[in-house]
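Below: the structure, in structure tokens.
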Amino acid sequence: MKKFSDFNLSKELEKAITAMGFEEATPIQAESIPIAFTGKDLIGQAQTGTGKTTAFGIPLLENVDMSNNGIQGIVIAPTRELAVQVAEELNKIGSVKGVFTLPIYGGQEISRQIRSLKKRPQIIAATPGRLIDHIRRKTIKLDNINTVVLDEADEMLNMGFIEDIEAILAEITSDSHQTLLFSATMPPRIRSLAERFMDNPEYVKVKAKEMTVKNIDQTYIEVRENQKFDVLNRLLDIQSPELAIVFGRTKKRVDELVEGLKKRGYSAEGIHGDLSQAKRDQVIRQFKEQMVDIMVATDVAARGLDISGVSHVYNFDIPQDPESYVHRIGRTGRAGKKGLAVTLVTPREVNHLKSIEQLTKKKMVKEPIPSYEDVIAGHKQEAINSLTKIVEENSYSEYKGIAETLLNDVDSIDLVAAALKLLTKEPDQTPVKLTDIAPLRSKGPRNDRGGSRGRNDRRRPGGRNDRGGRSGGDRDRNRGERSRNDRSRNDRARKSKTSK
DNA sequence: AAAAAAG
């Protein structure tokens with residue numbers, strides 16, 4: 001086990017790291033920090049939650065020359081929240097040295113950012129679009145850059161930012177600078193980017209075993225689409241998570257879930273890309289401060305967000321992309337704590353679940369749909385917990401006199417039982433209907449024929465056989481016959497085309 | 001197909 005004290009850090013950084021309570025380095029930190037200190041370019045293959053930010057943050061901050069007041073370090077991240085988080089982390093580690101990191105991202109008033117830039121940050125943590133905007137306006141100059149970090153490079157590729165990244169890297173005019181690239185996977189496009197813009201990089205990989213999510217219990221529940229919301233409510237009641245993230249597959253879905261959860265009395269807020277940046281920032285803040293217990297999110301919050309105390313992740317919708325599953329559940333079980341991830345799966349999605357299991361190399365445990373009785377039991381347990389907690393806190397001296405008088409007339413067991421009954425929540429049955437069901441369904445013109453559509457969907461995996469059928473259909477058409485059968489075959493053929 | 005990011 002490597003410790004931070006083994007790295008020969010500058011006094012300032014050592015002090016900050018100790019103050020943050022860091023002692024032992026994670027594997028990615030242990031491997032990449034010494035290499036980065038030699039000044040070489042570095043590719044680190046590691047997922048989020050492995051301590052990546054500190055792994056690149058330490059060399060980045062050490063490289064800052066306090067006598068130079070230009071921007072010397074730049075971190076590029078795929079989402080705005082990530083840029084903010086990286087900046088916060090760097091400000092913590094760099095505080096003693098006096099290094100100022102400014103987050104730069106879209107959706108925020110640009111004039112305000114330009115004003116902040118006048119405070120001369122040494123490091124910028126940015127999303128690609130807004131960074132390019134500033135470079136064009138010449139409000140950010142790249143001629144003093146000595147360290148460039150590409151965070152979550154593969155995700156930036158997936159999101160179509162690769163051209164932006166190339167444009168930014170091409171703008172960096174300082175003769176010699178160090179480039180650190182971090183990515184969970186290494187697709188060819190990222191390799192070629194590295195070849196073009198990096199100088200003989202060293203390659204560091206955190207083994208798959210260390211990136212898996214060992215302190216997260218993973219379960220799934222098979223449910224019908226229209227049961228999902230009630231099942232989620234039951235789970236929330238039974239498990240009463242400290243902080244939970246609920247992932248939905250669309251922005252509309254997230255809005256509806258928030259509305260439904262609020263109707264049922266939960267403290268929930270949503271986050272997705274169509275909300276104003278001010279709202280997004282606010283939700284993250286409230287959730288971090290535990291003013292809000294449940295954050296409902298699209299995959300915007302799947303990656304990298306490090307919020308301590310997230311005890312539960314609920315996949316209200318199974319993620320389409322198995323990679324995304326790993327990232328989503330990685331929001332819990334952080335910093336050595338236990339986490340629980342529950343995925344709701346409709347019967348037709350069970351195969352998809354298996355493909356996720358292949359990636360994680362871990363079987364999810366199937367749980368039954370929790371019963372109404374389980375909910376009642378959960379509520380009772382919660383009442384007991386809150387009562388005993390108050391007893392432990394011993395903060396009720398003003399009631400003791402009344403209690404004694406009461407006990408003269410009422411049996412003590414009756415009294416405690418009554419108190420528990422009073423404390424036990426009634427399960428909320430407010431009707432909530434989600435309209436955004438939008439399963440993977442054909443967009444054929446005859447959407448009203450629900451029954452046959454379902455059948456076709458189930459057959460879709462055998463689509464290859466249908467192709468043979470279609471040539472038969474073609475022959476029929478040549479004969480000028482348009483039977484009902486023919487039409488449905490046609491639908492299927494169209495579908496197998498679109499599914500490619 | 002959806003999500004993310006520049007207005």
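Reminder, nothing fancy here: chain letters follow the sequence lines and each chain counts from 1.
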Rounded interatomic separation in angstrom, taking [atom1] from [X] and [atom2] from [N]:
| X | N | atom1 | atom2 | result |
| --- | --- | --- | --- | --- |
| A:M159 | B:dA6 | CE | P | 9 Å |
| A:Y105 | B:dA4 | OH | P | 16 Å |
| A:E155 | B:dA3 | CD | P | 14 Å |
| A:Q320 | B:dA2 | CD | C1' | 8 Å |
| A:D274 | B:dA4 | CG | P | 7 Å |
| A:L157 | B:dA3 | CG | C1' | 15 Å |
| A:F161 | B:dA4 | CZ | P | 10 Å |
| A:N315 | B:dA2 | CG | C1' | 15 Å |

Sugar-phosphate only, base, or nothing, as touched by A:G107 at under 4.0 Å among non-hydrogen atoms: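 Counting heavy atoms under 4.0 Å across all strands, the contact made by A:G107 is with sugar-phosphate only.
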Sugar-phosphate, base or nothing in reach of A:R137, heavy atoms under 4.0 Å: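 Here A:R137 touches no strand at all.
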From C-beta outward on [X], which listed nucleotide comes closest to its side chain: [options]?
| X | options | answer |
| --- | --- | --- |
| A:T79 | B:dA4, B:dA2, B:dA6 | B:dA4 |
| A:R280 | B:dA4, B:dG7, B:dA3 | B:dA4 |
| A:K251 | B:dA6, B:dA5, B:dA3 | B:dA3 |

Quick one: is [N] close enough that its OP1 or OP2 comes under 4.0 Å of any side-chain N or O from [X]?
| X | N | value |
| --- | --- | --- |
| A:R80 | B:dA6 | yes |
| A:T298 | B:dA2 | no |
| A:R253 | B:dA1 | no |
| A:T127 | B:dA4 | no |
| A:K252 | B:dA2 | no |

Neighbour count >12 (heavy atoms, 6.0 Å) for atom CE, A:M291: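 At most 12 heavy atoms, drawn from other residues, nucleotides or ligands, come within 6.0 Å of this atom.
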Heavy-atom neighbours of A:K252 NZ exceed 12 at 6.0 Å: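 Correct, the count exceeds 12.
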State whether a side-chain donor-acceptor pair under 3.5 Å links [X] with [Y].
| X | Y | answer |
| --- | --- | --- |
| A:D299 | A:H327 | no |
| A:R130 | A:Q113 | yes |
| A:Y220 | A:E349 | no |

